[in-house]
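Report on the structure given below.
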Amino acid sequence: MEYKDYYKIMGLKREATQDELKQAYRKLARKYHPDVSKESDAEVKFKEVGEAYEVLKDPEKRAAYDRLGANWKAGQDFQSPPNWDSGFEFSGGGYTGTGAGGFSDFFESLFGGGSGRGGPFNSNSHFNARAQDHHSKVEIDLADTYHGQKKSIRLQSPEYGEDGHVRLRQRTLNVKIPIGVQEGQQIRLVGQGAPSPDGKTKGDLYLEVCFKPHPFYRVEGRNLSMSLPVSPWEAALGATIKMPTPGGMIELKIPAHSNSGTTLRLKGRGIPGEPAGDIYVTLSVMVPNAENEQMQSLYEEMARNTTFNPRAKMGV
């Protein structure tokens, strides 16, 4: 997927005001409108300009796009970073429709349903006739879903200031993380959305949960998986070792005669729920280096006194 430099398409600097954006759009839309333009690529250019304007004229989309940074170049291979929109508070109003249509895969991956799960700008957002709901994404530690931690969350809500530039309004909320919450689930905060026009009611805030990357574990629904390093003697002789889990330290029994690739199932040790998930531990036998004479002698003795052939199944 190609990165789209919307500022370059509009012929603007990143600090352009809303008025400058409107002027540029009117000029380019007239230049490339398929009904009047004599340019050979007028239709393609018209759609590009419409897409760029769709993003940059909306303070939420523009602030989110700017968050990706200015280091990308137009046409460069692009994949949106994980949870790139975490911490942004969106109204989720969907497309406003410039008449261009046919938005690119790049646009869809950021602002539509192109990621497969929908996005904060998906038009299927919750909406109250009297007040509008807001949406955001919150990153939590994997351990939080085990213990139900209270977290202080800072959200940024983009809006245009009087000077025509996007500014970020910040607020902090204290949120109770439910035990057993899964990635992709939403936490509803009643009355934390936008106020109604008459100011008498407020919409709700929906926080989509995502887990911060964990140094050991991979999340698959309620199940967790990990690769556990063990020594040759622990694998050969069997051992009981300490192992960290998001729920706390446990003791794990390694069966004798284990090999790399052996997978152990820890039932009910995954993300809490009804039923709770499991943890799948795949053993990885780590061989120490012959870093001194004593270690070298041990390896030489094993070579002389064992008939072990790791390539026996290969017929050699």
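Worth saying up front: this structure is predicted, and the values here are computed from it rather than measured.
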Return the [atom1] to [atom2] distance between [X] and [Y], rounded to the nearest 0.5 Å.
| X | Y | atom1 | atom2 | result |
| --- | --- | --- | --- | --- |
| Asp144 | Lys151 | CG | NZ | 4.0 Å |
| Cys210 | Glu139 | SG | CD | 4.5 Å |
| Leu56 | Arg62 | CG | CZ | 5.5 Å |
| Leu142 | Arg218 | CG | CZ | 12.5 Å |
| Phe90 | Leu155 | CZ | CG | 10.5 Å |
| Lys47 | Phe103 | NZ | CZ | 10.5 Å |

For the residue pair Glu234 and Ile241, what are the closest heavy atoms and their distance?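 Glu234 and Ile241 have their closest heavy atoms at OE2-CG2, 3.6 Å.
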Quick one: does [X]'s side chain get under 4.5 Å of [Y]'s, heavy atoms only?
| X | Y | result |
| --- | --- | --- |
| Arg222 | Gln182 | yes |
| Val166 | Tyr160 | yes |
| Phe211 | Ile271 | yes |
| Phe216 | Leu224 | no |
| Lys31 | Glu39 | yes |
| Arg265 | Lys267 | yes |

Return the orientation label for the Tyr25 and Tyr53 ring planes: parallel under 30°, perpendicular over 60°, tilted otherwise.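 Tyr25 vs Tyr53 ring planes: parallel.
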Donor-acceptor check, side chain of [X] to backbone of [Y], threshold 3.5 angstrom: yes or no?
| X | Y | value |
| --- | --- | --- |
| His134 | Gly203 | no |
| Thr145 | Val181 | yes |
| Asn289 | Glu291 | no |
| His147 | Gln149 | no |
| Asn223 | Ile279 | no |

Do the side-chain N and O atoms of [X] and [Y] include a donor-acceptor pair separated by under 3.5 angstrom?
| X | Y | answer |
| --- | --- | --- |
| Ser227 | Thr282 | no |
| Tyr65 | Arg14 | no |
| Thr201 | Ser196 | yes |
| Arg67 | Gln156 | no |

Test ring-ring contact (aromatic ring centres under 6.0 Å, His included) applied to Tyr6 and Phe107, step by step: CA-CA 10 Å; Tyr6 291 135; Phe107 179 98; 7.3 Å; no
Walk me through it: do Leu228 and Leu264 pass the test side chain to side chain contact (heavy atoms under 4.5 Å, CB included)? CA-CA 10 Å; Leu228 180 67; Leu264 308 177; over 6 Å; no
Can you check side chain to side chain contact (heavy atoms under 4.5 Å, CB included) on His33 and Phe46, steps first, answer last? CA-CA 6 Å; His33 197 288; Phe46 184 70; 3.9 Å; yes
